[in-house]
Amino acid sequence: MMIRQAAKKALGLTSRQSTPCSVGIFRSYHENVIDHYDNPRNVGSFDKNDPSVGTGLVGAPACGDVMKLQIKVDEKTGEIVDARFKTFGCGSAIASSSVATEWVKGKAMEEVLTIKNTEIAKHLSLPPVKLHCSMLAEDAIKAAVKDYKEKRVKTNGGAAVGETAQA
């Protein structure tokens, strides 16, 4: 937050001019990206050692974006009851992470695996050059679910919720 405030001050932006886009020197972002960048939902993290938490950590070496998305799962129902993210990257990566955490809450793990980067990109109106951000969000969701399932098998010596153990 302090970095964003320092950048705004350096660019001479007031609180009403909440993004560099309004100065006209940066690429123009859709209002959904600006909203999720200025007011990100579900920022933070859970204890990665908690057996009800799955962690997905993904990155894009080409641009330097790194995204950590965590899900908290109700172990009895298999429903994702909460989600958090921490992202180092551009506004589109932060917005994609924020949207992903909103979309996974209240859904079953198998259902969130159907969330596609194209849906996130469409919701945020991402330009083609920023599609990798929505791909990271999709990959982070899949990685968090995979981590939870693997952790569940190790902890319980059996299958994750909704799966049968294989011999």
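- Note: the hydrophobic cluster containing Phe85 does not contain Phe46 (ILVMFWY, side chain heavy atoms under 4.5 Å, direct or indirect links).
- In this structure Lys48 satisfies the side chain to side chain donor-acceptor pair (under 3.5 Å) test with no other residue, sequence neighbours excluded.
- One finds the OG1 atom of Thr101 at 11.5 Å from the CD atom of Gln70 (value rounded to the nearest 0.5 Å).
- A distance-only check finds no donor-acceptor pair linking the side chain of Ser98 to the backbone of Ile94 [under 3.5 Å].
- Under the 4.5 Å side-chain criterion, counting only non-hydrogen atoms from C-beta, Lys130 is not in contact with Ser96.
- Taking both residues in full, the closest heavy atoms of Gly44 and Arg84 are given as O-CB, 3.3 Å, listed atom of the first, atom of the second, then distance.
- Ion pair Arg41/Asp35 flagged as a salt bridge, since at least one NZ, NE, NH1 or NH2 atom sits closer than 4.0 Å to an Asp/Glu carboxylate oxygen.
- Taking each heavy atom of Thr55 and Asp147 in turn, the nearest pair found is N-OD2, 2.8 Å.
- Inter-residue side-chain proximity for Val81 and Lys105 is flagged as unmet; no heavy-atom pair is nearer than 4.5 Å.
- For the atom pair Ile80 CD1 and Ser52 OG, the distance stands at 11.5 Å (nearest 0.5 Å).
- By the rule that hydrophobic residues join a cluster once side-chain heavy atoms approach within less than 4.5 Å of another member, Leu131 and Ile120 end up as members of one cluster.
- Considering all non-hydrogen atoms of both residues, Ala140 and Leu69 come closest at CB-CB, 3.8 Å.
- One finds the NE2 atom of His36 at 11.0 Å from the CD atom of Glu31 (value rounded to the nearest 0.5 Å).
- Across all non-hydrogen atoms, the minimal contact from Ile71 to Tyr148 is CD1-CB, 4.5 Å.
- No continuous path of ILVMFWY side-chain contacts below 4.5 Å connects Leu136 to Leu57, so the two sit in separate hydrophobic clusters.
- For the residue pair Cys133 and Met67, the shortest heavy atom distance occurs at O-CE, 3.9 Å.
- Taking a 6.0 Å sphere around NZ of Lys146, one finds it holds 12 or fewer heavy atoms contributed by other residues, nucleotides or ligands.
- Lys86 contributes no side-chain N or O that, together with a main-chain N or O of Ser45, makes up a donor-acceptor pair within less than 3.5 Å.
- Residue pairs meeting the ring-ring contact (aromatic ring centres under 6.0 Å, His included) criterion with at least one member in residues 92-130, sequence neighbours excluded, are Trp103-His123.
- The pair Glu138-Lys142 counts as a salt bridge, with a side-chain nitrogen and a carboxylate oxygen less than 4.0 angstrom apart.
- Contact annotation: the side chain of Val73 never approaches that of Arg152 to less than 4.5 Å [non-hydrogen atoms, C-beta and beyond].
- Counting heavy atoms from C-beta on, the side chains of Leu124 and His30 never come closer than 4.5 Å.
- For the atom pair NZ (Lys149) and CE (Met109), the distance works out to 5.5 Å, reported to the nearest 0.5 Å.
- Taking all atoms of both residues into account, the shortest heavy-atom contact from Glu119 to Ile115 is OE1-CA, 3.4 Å.
- Looking only at distances, no side-chain donor or acceptor of Lys68 sits under 3.5 Å from a matching main-chain atom of Phe88.
- Side-chain contact check for Thr87 versus Asp65: every heavy-atom pair is 4.5 Å or farther apart.
- Side-chain heavy atoms closer than 4.5 Å link hydrophobic residues (I, L, V, M, F, W, Y) into clusters, and following such links, even through other members, never connects Val66 to Val43.
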